[in-house]
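Heads up, the thing below is written out as structure tokens.
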Number of protein chains: 2
Amino acid sequence: MTFRRPAAGRATSRDVARAADVSQALVSRAFSGNGRIAPETRERILKVAAEIGWRPNALAASMVTGDAPLVSVITTRLSFEWRAQVLSHLLKAFEDWNLQPLLFYADSDREVDRLLAETISWRTRGVVVTAGSVSRERADAILSRGQFLAALNRPGNHPDAFSIATDNPAGGAAAAELLLAEGRRRFLVLAGPTDSWASTERTRGFAARLAQAGLVATVWHNTSMTAGAGKDCAARCLKELSGSLPDGVFSTNDAMGLGFIDGLRSSGLSIPEDLSIVGFDNLPASDWTPYQLTTFEQPLDVMVGGVLGHIQAHQSDEAGEPTACSSQGRVGGDGVIYCAPLLVRRATTRRTNNE
Amino acid sequence: MTFRRPAAGRATSRDVARAADVSQALVSRAFSGNGRIAPETRERILKVAAEIGWRPNALAASMVTGDAPLVSVITTRLSFEWRAQVLSHLLKAFEDWNLQPLLFYADSDREVDRLLAETISWRTRGVVVTAGSVSRERADAILSRGQFLAALNRPGNHPDAFSIATDNPAGGAAAAELLLAEGRRRFLVLAGPTDSWASTERTRGFAARLAQAGLVATVWHNTSMTAGAGKDCAARCLKELSGSLPDGVFSTNDAMGLGFIDGLRSSGLSIPEDLSIVGFDNLPASDWTPYQLTTFEQPLDVMVGGVLGHIQAHQSDEAGEPTACSSQGRVGGDGVIYCAPLLVRRATTRRTNNE
DNA sequence: CTGAAAGCGCTTACAG
DNA sequence: CTGAAAGCGCTTACAG
């Protein structure tokens, strides 16, 4: 039997069928495992296909079945530790489930809405959002198609969306609690830009707890939440607040906190004798010898687990009972499941009496 | 005119056509911009489609045109700084070019070959590999389909593949050069696992340069290239080599180098008086006050630029002149474009005379 | 400028 | 166990 082998890039199931001397339908069955096929026939087809270098065209298959094994993921700068970590976990799970992630990269949060709209073109099973925010209309558009919508560390803004986030206000409050228990009274918050949801919520929780004690904190906003910004804050602190230095510092992320510590090194101030510092994120560096920063760790595993659970529930049950069970944390009035961050005590705070 | 609006998830161009009272073909033209269509008609169709929440099904469109605007990206743990950074750049460029990245996550390097095979199912324009290695056969299979194959920081193993990498041996040699110029004579290399291409190449370049001076280095391999591993090496160093401590340490990545510095803090040894340390990667932390690590920075922008250039060339010219121009670096015998890393001098090495 | 029709590469009832 | 045929939702010549 002779035949012109087509260029691999153009080969179709029909070419494989011809080469294996079977019908095109059998080729499909050989690969999908659906429908009856004699074991020998299957073997032969698989062998021929391998020679030609052919695999079923997933695009075409998805069209027929009306269901592509794709999931949209909206993300942005991966240099933010938590996002890279979260994404690694998500991607690994998708790989295990034979779901192919289609990435949508938002250069700025403003682009997220447009990307959310673009996801629709690909008829994916749903979308995981790890950047920007989701409008009610957009959420509606996605959910009404039967897709899932999972928002990580941000509100889903829709009763049927799944949304899970670090309980930032609780973390902020716990930071305040800790510093108050140490007897601290002059507070400084190293915050991020005012449009950073996480930083704002952490600051809010911190301030609220202080307010209960009739105290207030100075809040410094930084454009970027980097170590450099934290270091600059330390310099500013020594200059502007030299009359009454803060004795309790809450940095809404670790990077700024680490920089702040560095900025204080030549000042003669000692930590935690003169002042305590609490961060947020538990970066690897926070555990390094020169820092030993007390901080809060985001329960990323719990959050990723929640998202994966929701996706799984969506897959197995399109009818879709409301999946937002509160087992992972408290459910806020906004429908977000809030997971408590974990306090990691190190050397930038004192041990208090009741421990 | 009345009609049952279909569930959004199931709406097709036909439904939009019906609602706008035009043929289905016109709906396609309204969105694609191909073919003639009256501006008013187009407006109307767009409006109706927006109401229904319909967008062309990219899967179906790709089938017809035989060309999906997709590109496969093979990656792995994003916590490795360089990969997250590189991926951010790549994804942003794809977004700008209206290419949709399909991610393939390799939990271990051994899975990469399987993932490479899986990319074929999606008929993407090509594949970018940032993990594991590419076999000659697999490269052949991909390239013969007319797809591009771009390997980042690893060999492409095929004359038609594009491959660009940090010149690790040159970096290792430069590290040796630096330490030799300082008059160092007893060398220790903090290396990674033996199957880490980058670490091995860096070590090789380092050793080769030393050999020229008739010197050798002790090489310690670590399972994971973390700060913790580096710290352990310092302890081991103080214990096992106390008789003749190394005076020149080359850490094949910064993380281990930083940990090594931490491990030495209580030893009384001072850097760079007693010993010099050179790292690789230029992590943000390497510039922090307690470290100030001299290191080499990978030319990631150049490398990403090279990959993007190759993809662009592939898009505009399927005929495919060999794109591997050496403007970005030296071309190795393996066809890899090697880009020199950038030395960043800080305080863990001495200033030498000839500067 | 618009529409009817063919066809992209598959999967899946339906016959045999 | 196997094959012929319909059809997934589009795009694109081809007529009109």
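Note on naming: letters A, B, ... go to the chains in the order of the sequence lines (proteins, then strands), and numbering restarts at 1 for each one. Computed from heavy atoms alone, side chains included, the values below leave out hydrogens, waters and symmetry copies.
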Rounded to the nearest Å, what distance is computed from the CZ atom of residue B:R18 to the C1' atom of nucleotide C:dT2? 18 Å
What integer distance in Å separates B:W122:CH2 from C:dC8:P? 21 Å
Pairwise 5' ranking along DNA chain D for A:A38 and A:Q24, keeping only the more 5' one: A:A38
Approximate separation, where rounding is to 0.5 Å, of B:Q100 CD and A:S121 OG: 8.5 Å
Closest to the 5' end of DNA chain C, once B:G66 and B:G35 are matched to their nearest nucleotides, is B:G35
Worked check of ring-ring contact (aromatic ring centres under 6.0 Å, His included) between A:F104 and A:W122: CA-CA 11 Å; A:F104 293 80; A:W122 293 96; 7.9 Å; no
If you only use heavy atoms from C-beta on, which nucleotide in D:dT11, C:dG3, D:dG7 is closest to the side chain of A:V64? D:dG7
Taking only side-chain N and O atoms of B:S23, does any of them lie within less than 4.0 angstrom of OP1 or OP2 on C:dG3? yes
Heavy atoms from C-beta onward define the side chain here; which of D:dG9, C:dG3, D:dG3 lies closest to that of A:A25? D:dG3
Side chain of A:A61 - closest among D:dC1, C:dG9, C:dT11: C:dT11
Per nearest nucleotide of DNA chain D, the residue lying toward the 5' end, B:N34 or B:A60, is B:A60
Given atom CZ of B:R14 and atom P of C:dA5, what is their separation to the nearest angstrom? 11 Å
A:S28 near the nucleic acid: base, sugar-phosphate alone, or nothing, with a heavy-atom cut-off under 4.0 Å? base
C:dC10 P sits how many Å from A:W54 CH2, rounded? 5 Å
Mutual orientation of the aromatic rings belonging to B:F148 and B:H314 [parallel < 30°, tilted 30-60°, perpendicular > 60°]: perpendicular
Is there a side-chain polar atom (N or O) of A:S13 under 4.0 Å from OP1 or OP2 of C:dC10? yes
Nearest-0.5 Å distance, CZ of residue A:R83 to CG of residue A:L152: 10.0 Å
In whole Å, I'd like the distance from the CZ atom of B:R36 to the P atom of D:dT11. 19 Å
Applying a 4.0 Å non-hydrogen cut-off, can you work out what A:S32 is touching in the nucleic acid: base, sugar-phosphate, or nothing? nothing
Rounded to whole Å, please give me the gap between CG in A:L26 and P in C:dG16. 18 Å
For A:T41, which contact category applies under a 4.0 Å heavy-atom criterion: base, sugar-phosphate, or nothing? sugar-phosphate
Report yes if at least one side-chain N or O of A:N57 is closer than 4.0 Å to OP1 or OP2 of C:dC8; otherwise report no. no
Criterion salt bridge (Lys or Arg N to Asp or Glu O under 4.0 Å) on A:R114 and A:E118, from CA distance to verdict: CA-CA 6 Å; A:R114 181 177 56 77; A:E118 270 179 28; 2.9 Å; yes
Would you please say whether a donor-acceptor pair under 3.5 Å links the side chains of A:R125 and A:Q315? yes
Taking any strand in view, what nucleotide pairs with C:dG3 in a Watson-Crick or G-U wobble way, both distances under 3.5 Å? D:dC14
So, does B:R123 get its side chain near the phosphate of C:dC10, meaning an N or O under 4.0 Å from OP1 or OP2? yes
Using only modelled atom types and a 3.5 angstrom limit, is any donor from either the side chain of A:R29 or the base of D:dG3 paired with an acceptor on the other? yes
Candidate nucleotides D:dC10, C:dT12, D:dC8, ranked by approach to the side chain of A:T65 - the nearest: C:dT12
